Novice: 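Sharing a structure here in structure tokens format.
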Amino acid sequence: MEYTPKPIDTSAVELPAELEPLVEQMAKNVHEVWAQKRMEEGWRYGDKRDDELRLHPCLVAYEQLPEIEKEYDRSTALGTLKLIMKLGFSIEKR
């Protein structure tokens with residue numbers, strides 16, 4: 001069985017400028033949720049990833065992540081915000 005991902009196309013969705021700061025906040029939270037879950041599963045920090053020993057080099061504060069890892073989290077956040085807008089929802093700050 002072969003799996004072919006088919007995400008909803010959000011390439012035409014433009015994020016309003018006032019939501020741009022939200023991307024970084026969401027990216028940080030994405031990392032925090034991921035790290036918390038891993039730690040609950042017994043993972044801990046290690047210089048190199050080791051699935052058997054449950055060690056991972058990204059179990060650090062978001063600010064300490066390599067830029068490539070931050071970009072992954074930003075991409076997730078941006079994709080989520082664009083999908084919300086594509087589906088007809090709006091986001092506003094109260």
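Everything quoted here is computed from the prediction, not taken from an experiment.
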Novice: Consider side chain to side chain contact (heavy atoms under 4.5 Å, CB included). Of Val23, Thr10, Val13, which one does Leu81 pass it with?
Specialist: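 Considering Val23, Thr10, Val13, a side chain to side chain contact (heavy atoms under 4.5 Å, CB included) with Leu81 is found only for Val23.
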Novice: For residues Ala77 and Met26, report the shortest heavy-atom separation together with the two atoms involved.
Specialist: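 Scanning both residues completely, I find the closest heavy atoms to be CB-CB, 3.5 Å.
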Novice: Taking the side chain as every heavy atom from C-beta outward, state whether Glu67 and Arg74 have any pair of such atoms under 4.5 Å apart.
Specialist: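 The answer is yes; the side chains approach within 4.5 Å.
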Novice: Are Leu78 and Val33 connected in a single hydrophobic cluster, I mean Ile/Leu/Val/Met/Phe/Trp/Tyr linked by side-chain heavy atoms less than 4.5 Å apart?
Specialist: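 No, because Val33 and Leu78 fall into different hydrophobic clusters, even though each may have its own neighbours under 4.5 Å.
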Novice: Considering residues at least two apart in sequence or located in another chain, which fulfil the side chain to side chain contact (heavy atoms under 4.5 Å, CB included) criterion with Arg38?
Specialist: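 Only Trp34, Glu41, Trp43, Leu59 meet the side chain to side chain contact (heavy atoms under 4.5 Å, CB included) criterion with Arg38.
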Novice: Could you tell me which non-hydrogen atom of Tyr45 sits nearest to which non-hydrogen atom of Pro57, and how far apart they are?
Specialist: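 The pair with the smallest heavy-atom distance is CE1-O, 3.5 Å.
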Novice: Tell me whether the count of non-hydrogen atoms from other residues, nucleotides or ligands lying under 6.0 Å of CD1 in Ile68 goes above 12.
Specialist: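 Result for CD1/Ile68: open.
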Novice: How about Glu40: does its CD atom have over 12 heavy atoms from other parts shown lying under 6.0 Å from it?
Specialist: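 Atom CD in Glu40 is packed in, count exceeds 12.
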Novice: Tell me whether Glu24 is salt-bridged to Lys70, with the criterion being a basic N under 4.0 Å from an acidic carboxylate O.
Specialist: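 Looking at Lys70 together with Glu24, the answer is no, because their closest N to O distance does not fall below 4.0 Å.
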Novice: Any link between Leu22 and Leu83 through a network of hydrophobic side chains (Ile, Leu, Val, Met, Phe, Trp, Tyr) touching at under 4.5 Å?
Specialist: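 Leu22 and Leu83: one cluster.
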Novice: Is His31 reaching over with its side chain to a backbone N or O of Val60, donor-acceptor style, under 3.5 angstrom?
Specialist: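 The answer is yes, because a donor-acceptor pair under 3.5 Å joins these two groups.
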Novice: Is there a path from Met39 to Leu65 through hydrophobic residues (I, L, V, M, F, W, Y) whose side chains come within less than 4.5 Å of each other?
Specialist: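 Cluster IDs for Met39 and Leu65 match.
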Novice: Any chance you could lay out the side-chain contact (heavy atoms from CB on, under 4.5 Å) test for Leu15 and Met85, step after step, and finish with the verdict?
Specialist: CA-CA 8 Å; Leu15 197 65; Met85 295 178 64; 3.9 Å; yes
Novice: Do other residues, nucleotides or ligands put more than 12 heavy atoms under 6.0 Å from Glu63 CD?
Specialist: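 Enclosed: over 12 neighbouring heavy atoms sit under 6.0 Å from CD of Glu63.
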Novice: Counting only N and O atoms by type, is there a donor-acceptor contact under 3.5 Å from the side chain of Lys86 to the main-chain atoms of Asp9?
Specialist: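 Yes; at least one donor-acceptor contact below 3.5 Å.
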Novice: Report the distance from atom OG1 of Thr80 to atom NZ of Lys82, rounding to the nearest 0.5 Å.
Specialist: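 That separation rounds to 11.5 Å.
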Novice: Begin from the C-alpha positions of Asp73 and Asn29 and carry the test side-chain contact (heavy atoms from CB on, under 4.5 Å) through to its verdict.
Specialist: CA-CA 9 Å; Asp73 293 333; Asn29 196 63; over 6 Å; no
Novice: Can any side-chain N or O of Ser75 pair as donor or acceptor with the backbone N or O of Glu71 at less than 3.5 Å?
Specialist: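 Not confirmed, Ser75 side chain does not pair with Glu71 backbone.
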Novice: Test His56 against every option in Lys48, Arg44, Arg49 by the side chain to side chain contact (heavy atoms under 4.5 Å, CB included) rule and name the one that passes.
Specialist: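 Among Lys48, Arg44, Arg49, the one that satisfies the side chain to side chain contact (heavy atoms under 4.5 Å, CB included) with His56 is Arg49.
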Novice: When rounded to the nearest 0.5 angstrom, what distance separates CG in Leu19 from NZ in Lys93?
Specialist: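 With rounding to 0.5 Å, CG (Leu19) is 10.5 Å from NZ (Lys93).
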Novice: Is it the case that more than 12 heavy atoms not belonging to Tyr62 sit under 6.0 Å from its OH atom?
Specialist: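 More than 12 within 6.0 Å, yes.
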